[in-house]
Amino acid sequence: MAEVTILIDGKPTIVSAGSSLFEALGSDKRFLAAKVNGQLRDLALAVQAGDDVVGIDLVSPDGLAILRHSTAHVMAQAVQEIYPEAILGIGPPITDGFYYDFGNVAPFTPESLELIEKKMREIINAQQKFIRRVVTEKQAQVELKKEPFKLELVSIKGAPTDDIMEVGGSELTIYDNVDRNGKTIWCDLCRGPHIAHTGMIKAFKLMKTSAAYWRGNEKNPSVQRIYGTAWPTKEELNDYLHRLAEAEKRDHRKLGVELDLFSFPEEIGSGLAVFHPKGGIIRRAMEDYSRSRHESAGYEFVYTPHITKSNLFETSGHLQWYADGMYPPMRVDEERNEDGSIKRAGADYYLKPMNCPFHNLIYRSRGRSYRELPLRLFEFGSVYRYEKSGVIHGLTRVRGMTQDDAHIYCTRDQMPGELKSLLNFVLSLLRDYGLDDFYLELSTRNPEKSIGSDSDWQEATAALQAAAEASGLKLVPDPGGAAFYGPKFSVQAKDAIGRTWQMSTIQVDFQLPQRFELEYQADDGSRQQPIMIHRALFGSVERFIGVLTEHYAGAFPPWLAPTQVVCIPVADTFNDYLDLISSKLCSLGVRVEVDKSDERMQKKIRKAQQQKIPFMLIAGEVDQASNAVSFRYRDGTQVNGVAIDEAIRIILDAIKNRSQV
RNA sequence: GCCGCCUUAGCUCAGGGGUAGAGCAACGCACUCGUAAUGCGUAGGUCCCGGGUUCAAUUCCCGGAGGCGGCUCCA
């Protein structure tokens, strides 16, 4: 038999001509696909001389994606068996799972998901093979005549469609699902690759349903989407479900209720939060620390109103660009005659969606000298944005929020240095709040949604890029993601369970200085336009509290914790002893309570634990006799017999150092 | 804004065409206790709001508000 040489994992290997990839890879069941000359292929494909082959393991990212994509196919097959009228959209793998879109079908319900899961299990048990078949465009059109979405995909083939799994590469392929008797049960247009047969799906679950727009466009018809997940083993599926449950436990909306931090009273309106006393303490501690850091970094504090006449936002351009995102105006001072005609024209006042126009007015309230630059104006500024009802989410997406907003006015020469030191400032402050895993995203110009000269954009983008690179952090490009007036980078932070949150944004702006005709007098006596840098560090205070709540799972470090110390007497005869310690702590500024309720001490511990209070100080006869207390921490560890002075020092140190306990 | 689901005591949730229940929390009494729930008792409801059907609606229907999961959007 003829033999050919191929590369396996880069090593020349001799295999018999016509071998499948599966055979070439030693019939190793760990592999479910292979990368051939850089392209993912089915294992059933025959090797060609000179092929560069790498086996794709089930546990690799590519392997998981293939498994999930194949599971999506099985789901689509199940859906069409139950709802024959359903037409197929697309079904790609996504992070931790997959989805598939269907047209011409009523919304799925939890009951229909159960039916579909059951049908999927039948298909999996039948071990149907995925067989790849190359078709011409004509053939595909004939075979898919009942699948209008697929026909649309066939017709756009050739356009760069790398992100669509159904078509791509140089040829059109259909995958047939074939049963043990060789009969084709179902087929789907797909570029593949797939697992060899459905029996390789060991663990899957349908997760949720949603409506979506065909090809993600609001103008297109709506499709019904089912999300699912699939894993190599049942254990991994269970681990994944467990991770989801853990994430749910740290949901700040849930913790906000349990810890009595904040709420969203229906009476006020959607997306508008109130902070309760305990949430208020966290907020004040955060803000106070931020203020003191800003003060030492050379910022000046300003205050501006929440509403303004429309002309300010006409000057800034917001009314032209973002009127949809603003609350509608209030018309004031209008007077009408008896016939309803206008006697005196009123003025439209708007709630402010941004602080920058106000800061610009402060800048130009008098002449400015180059000696004043960089001028750094800081404000905890409340802004209101009319977010669509469907996007509002706890504290992370609201209609009313407080930005820790600053605008830095500087010369062109100062800009690169200012950006660099700004980024360091931002990162150092975020670290103090307990976030320490970052990367940066650089959002550059969207030509269709922006104004300004190319050279300005290029200069600003280069300065941002240089500052970002100097930080040594990973920089991810976000082409076209910039706001209309200038490029920005944003600091993305990873939380305790690895989720990323967009935190600070740093944005360069040539436009507003021009629109507001901002000037300074340079050292040669000429009048120059300053550059403006916008930056919010928390993004919004509300959102930052939401993120920190989830990051810490409600167990805030002592400096932020609403109650820092709770004193628990073993019996109420020790109340007075703990009162003494508590009043000492209190006089040192510690937020401390003595639990004098009628409960047993175990119950008090449980209560303090549920409130996630950092320090429990327990005292009974043994402690009192030696002028000591016993510590219990949130993780259950205890340190007994700590002398009172030492205990106070431990608590004060943790607060002062902003350390976690 | 779009699609689906949901809304019953402070919280978590059961129930169901004949005006309602549990656990926890709250309050009271007893218990005085060494590291995550002592016992007993009391009180607590416009069953989200408005309209309709019905002898009767918290329950069924329509509309609205709010929430949840997605989609879309995110200066």
Side-chain angles (χ1 to χ4, degrees), chain A residues 99 101 106-110 112-113 207-227 248 251 253-254 257-258 260 263-272 313 316-318 320-326 353-357 383 385-394 396-397 403 443 446 449-450 481-486 488 502 505 507 509 511-512 534 536 539 568-575 597-611 616-624 630-634 636-641:
Chain A
Y99 67 80
D101 287 341
F108 297 104
T109 63
S112 57
L113 285 194
M207 303 298 288
K208 55 198 169 195
T209 60
S210 159
Y213 300 107
W214 169 238
R215 297 181 62 205
N217 188 329
E218 223 169 335
K219 294 184 184 84
N220 284 343
S222 192
V223 290
Q224 295 300 321
R225 177 172 295 178
I226 302 177
Y227 286 91
E248 208 172 311
D251 190 318
R253 296 165 300 182
K254 195 174 149 69
V257 175
E258 286 170 5
D260 195 14
S263 59
F264 300 87
E266 200 179 318
E267 292 83 344
I268 299 177
S270 187
L272 298 165
F313 289 123
S316 68
H318 287 102
Q320 290 92 306
W321 290 88
Y322 291 111
D324 285 353
M326 292 167 65
M354 289 191 109
N355 301 303
C356 33
V383 298
R385 298 177 181 183
Y386 191 73
E387 301 286 0
K388 289 177 177 178
S389 63
V391 306
I392 288 166
H393 182 94
T396 59
R397 196 71 189 274
Q403 292 184 312
S443 301
N446 177 349
K449 252 180 92 177
S450 58
F484 70 95
Y485 51 80
K488 68 170 179 195
Q502 179 179 311
T505 56
Q507 187 141 21
D509 185 356
Q511 296 309 317
L512 283 184
H534 304 244
I568 297 174
V570 166
D572 61 10
T573 44
F574 307 105
N575 284 354
S597 66
D598 224 8
E599 302 295 344
R600 295 172 72 212
M601 131 202 221
Q602 285 86 341
K603 181 69 170 286
K604 295 180 182 183
I605 289 169
R606 180 180 151 87
K607 228 167 94 186
Q609 189 89 34
Q610 285 178 324
Q611 286 298 302
M616 287 177 230
L617 290 191
I618 297 168
E621 206 177 330
V622 183
D623 294 292
Q624 187 168 18
S630 296
F631 276 83
R632 181 192 159 99
Y633 292 93
R634 289 177 289 209
T637 58
Q638 42 176 306
V639 183
N640 296 333

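Nothing here was measured: the structure is a model prediction, and the numbers come from that model. Below, each value reflects all heavy atoms present in this structure, side chains not excepted, and no hydrogens, waters or symmetry copies.
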> Using the benzene-type ring in the case of Trp, are the ring centres of Phe484(A) and Tyr322(A) under 6.0 Å apart?
Replying inline: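 Centroid distance Phe484(A)-Tyr322(A): below 6.0 Å, so yes.
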Could you tell me whether [X] contacts a base, only the sugar-phosphate backbone, or nothing, with contacts defined as non-hydrogen atoms closer than 4.0 Å?
X	result
His534(A)	nothing
Asp623(A)	base
Tyr485(A)	sugar-phosphate
Thr573(A)	nothing

>> Minimum heavy-atom separation for Thr209(A) and Phe108(A), please, with both atom names.
In response: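 Looking at all heavy atoms of both residues, the shortest contact is CG2-CB, 3.7 Å.
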> Nearest heavy-atom pair of Ile392(A) and Gly271(A): which atoms, and what distance?
Replying inline: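 Heavy-atom minimum between the residues: CG2-CA, 3.7 Å.
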> Is rC60(B) paired to anything, Watson-Crick or G-U wobble with both distances less than 3.5 Å, and if yes, which nucleotide?
Replying inline: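 Here rC60(B) is engaged in a pair, and the nucleotide opposite it is rG52(B).
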> Which base sits across from rC33(B) as a Watson-Crick or G-U pair, both distances under 3.5 Å?
Replying inline: none
Side chain of [X]: nearest nucleotide among [options]?
X	options	value
Pro107(A)	rC3(B), rG34(B), rA36(B)	rC3(B)
His393(A)	rU38(B), rG69(B), rA37(B)	rG69(B)
Gln602(A)	rA75(B), rU38(B), rC73(B)	rU38(B)
Ser630(A)	rG67(B), rC71(B), rG34(B)	rG34(B)

[N] and [M]: how far apart are their [atom1] atoms, nearest whole angstrom?
N	M	atom1	value
rU72(B)	rG15(B)	C1'	38 Å
rG17(B)	rC74(B)	P	47 Å
rU42(B)	rC6(B)	C1'	33 Å
rC33(B)	rC48(B)	P	48 Å
rG34(B)	rG28(B)	C1'	28 Å
rC60(B)	rG70(B)	C1'	29 Å
rG4(B)	rU46(B)	P	31 Å
rA75(B)	rC5(B)	C1'	32 Å

>> Whether Glu599(A) and Lys607(A) form a salt bridge (side-chain N of Lys/Arg under 4.0 Å from carboxylate O of Asp/Glu) is what I want to check.
In response: no
> Any side-chain heavy atom of Arg634(A) sitting closer than 4.5 Å to one from Gln609(A)?
Replying inline: yes
>> Nearest heavy atom decides the nucleotide; on that basis, is Lys603(A) or Gly216(A) closer to the 5' end of RNA chain B?
In response: Lys603(A)
> How do Gly271(A) and Ser210(A) order along RNA chain B: which one's closest nucleotide is nearer the 5' end?
Replying inline: Gly271(A)
